[in-house]
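A short worksheet on the structure shown next.
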Amino acid sequence: MFRQGLVVLLALFITSAARAQPLGSVIFIHPDGTSAASWAAARALYVGPDSDLNWDRLPAIALYRGHLRNSLSATSNSGATSHAFGIKADADAFGRTAGGERGEPIVDEHGHSLSVAHQALRAGLAVGLVQTGIAAEPGTAVFVAPNQSRNNYDDITADLVHSGAAVLFSGGEKHFLPEGQSGVHGPGRRSDGRDLYAEARDLGYTVIFTRDQLLSLPSDTARVLGVFAHDSTFNDRSEESLAQRGLPLFVEGSPTVAEMTHAALKVLDNANTRFLLVVEEEATDNFGNNNNAAGVLESLRRADEAIGVAQRYLAHNPETLLLTASDSDAGGMRMIGIPVNPDGSFLEILPERDRNGSPLDGIAGTASAPFLAAPDQFGRRLPFAIAWASDQDLSGGILVRADGLNSQRVRGSIDNTDIPRLMRLTLFGHAEGPVRE
């Protein structure tokens with residue numbers, strides 16, 4: 001009898017401890033391909049080296065460890081798999097253990113997906129995905145649409161529409177419509193004849209296409225699909241290539257990631273439940289891989305605006321975890337200060353390469369004028385250049401930043417697999433794996 005009573009008391013204690021863990025919502029912002037060095041350059045350019053971006057004001061900080069199962073540097077699809085599921089996967093994985101036939105689904109003993117987004121949906125929570133690239137970009141799509149290959153864009157896009165997510169914002173209209181059918185932004189390219197807009201409407205989605213429609217979205221909207229460009233909402237080419245084609249960095253008329261984040265939070269609030277919102281500024285990564293310094297810096301400014309939107313939401317909803325991290329350092333972007341002479345003059349046109357052969361960028365790309373930082377604490381505006389190490393995704397120098405519920409656990413160093421554990425702890429009260437105390 002004593003032993004039976006002890007078991008009952010232990011069960012009550014465990015139940016009480018679980019209930020004592022406060023639950024809340026999660027906003028995960030993923031400015032893809034960014035490192036501390038990227039943010040240092042954006043800080044200098046937009047607010048000056050002695051001032052703070054929104055990113056700087058996030059109080060919790062930890063070093064990010066992003067190695068994969070078979071590589072010391074991450075890919076966007078495998079890094080996103082770690083963020084969504086909490087496992088180390090191969091470099092070609094897209095929400096599975098590896099790409100192709102050798103990859104296995106990441107499921108529990110009942111065959112249920114272990115993606116934190118799928119877990120949230122099964123628990124009756126709301127999920128939102130905000131993406132500035134095409135809908136099938138890994139940083140958001142992996143959370144609800146695992147696949148054997150990241151290149152199966154049409155299949156992934158269809159799975160997104162049928163995922164149950166309350167908010168789906170992205171570009172990539174070409175993967176929503178069949179060949180021969182014109183859309184708002186351009187012709188469809190699906191070979192299976194499916195019209196995903198029609199399917200989305202049948203599922204109860206409000207379907208929108210423009211920035212104006214986004215900004216005027218009815219306050220009682222419950223489900224929304226927003227597709228804001230034929231391809232990505234940005235033109236990811238080098239500065240010289242964009243100038244030759246007469247293209248801007250971002251597609252004219254498309255909403256910013258901050259505007260999409262603001263609208264997503266309003267819709268998710270309508271669900272009257274906890275939610276998971278995953279936001280990716282993909283342009284920071286793609287411009288980095290194209291060694292376009294002006295593009296990365298503008299994308300960082302936009303990502304920082306989205307962080308500001310989330311910070312304002314957190315101020316009124318303290319039972320929320322705001323978490324931000326990248327999974328790689330696209331191109332190895334680094335800021336080089338240009339010395340200023342005693343008379344105030346400095347090098348007006350940068351060389352094409354640094355002394356060790358690294359490509360250099362100024363305001364208009366190769367062999368252009370240096371960037372000029374915002375005033376420092378003494379009112380000086382100091383010039384700088386951007387050097388590139390590669391056109392690949394590199395490792396090192398990536399930080400996890402956080403605020404709000406459970407953010408005190410973001411300290412020291414955090415593995416990429418710890419990201420969903422922290423999300424689960426906030427959403428459900430358990431981490432299903434080690435979370436630093």
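- A side-chain donor-acceptor contact under 3.5 Å links Asn406 and Thr426.
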query: Where do Glu352 and Thr366 land on the side-chain hydrogen bond (donor to acceptor under 3.5 Å, both in side chains) test, with the steps shown first?
result: CA-CA 5 Å; Glu352 291 187 13; Thr366 302; over 6 Å; no
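- The side chain to side chain contact (heavy atoms under 4.5 Å, CB included) test applied to His185 returns Glu173, Phe209, His230, not counting sequence neighbours.
- There is no side-chain donor-acceptor pair under 3.5 Å between Arg57 and Gln311.
- Trp388 does not carry Arg334 over the face of its six-membered ring by the limits of under 6.0 Å from the centre and within 45° of the normal.
- Side chain of Asn317 to backbone of Glu319: no donor-acceptor contact under 3.5 angstrom is found.
- Shown here are the side-chain hydrogen bond (donor to acceptor under 3.5 Å, both in side chains) partners of Asp391, two or more places apart in sequence or in another chain: there are none.
- Panel note: side chain Asn77, backbone Ala91; a donor-acceptor pair is recorded below 3.5 Å.
- Scanning for side chain to side chain contact (heavy atoms under 4.5 Å, CB included) contacts around Ala200 gives Val161, Tyr205, Val207, Leu225, with sequence neighbours left out.
- Checked by atom type, the side-chain pair Asn289/Asp393 shows a donor-acceptor distance below 3.5 Å.
- For the pair Ile27 and Phe275, the minimum side-chain heavy-atom distance is below 4.5 Å.
- For the 3.5 Å distance criterion, the side chains of Asn151 and Tyr153 qualify, holding a donor opposite an acceptor.
- Proximity of a side-chain donor or acceptor of Arg401 to a complementary backbone N or O of Asp56 within less than 3.5 Å is detected.
- You'll find the side chain of Phe228 reaches within 4.5 Å of the side chain of Met260, heavy atoms only.
- Residues Asp269 and Tyr313 bring a donor and an acceptor atom of their side chains to less than 3.5 Å of each other.
- For Asn70 and Lys88, the side-chain atoms include no donor-acceptor pair closer than 3.5 Å.
- Taking the six-membered ring for Trp, His83 and His30 have ring centres closer than 6.0 Å.
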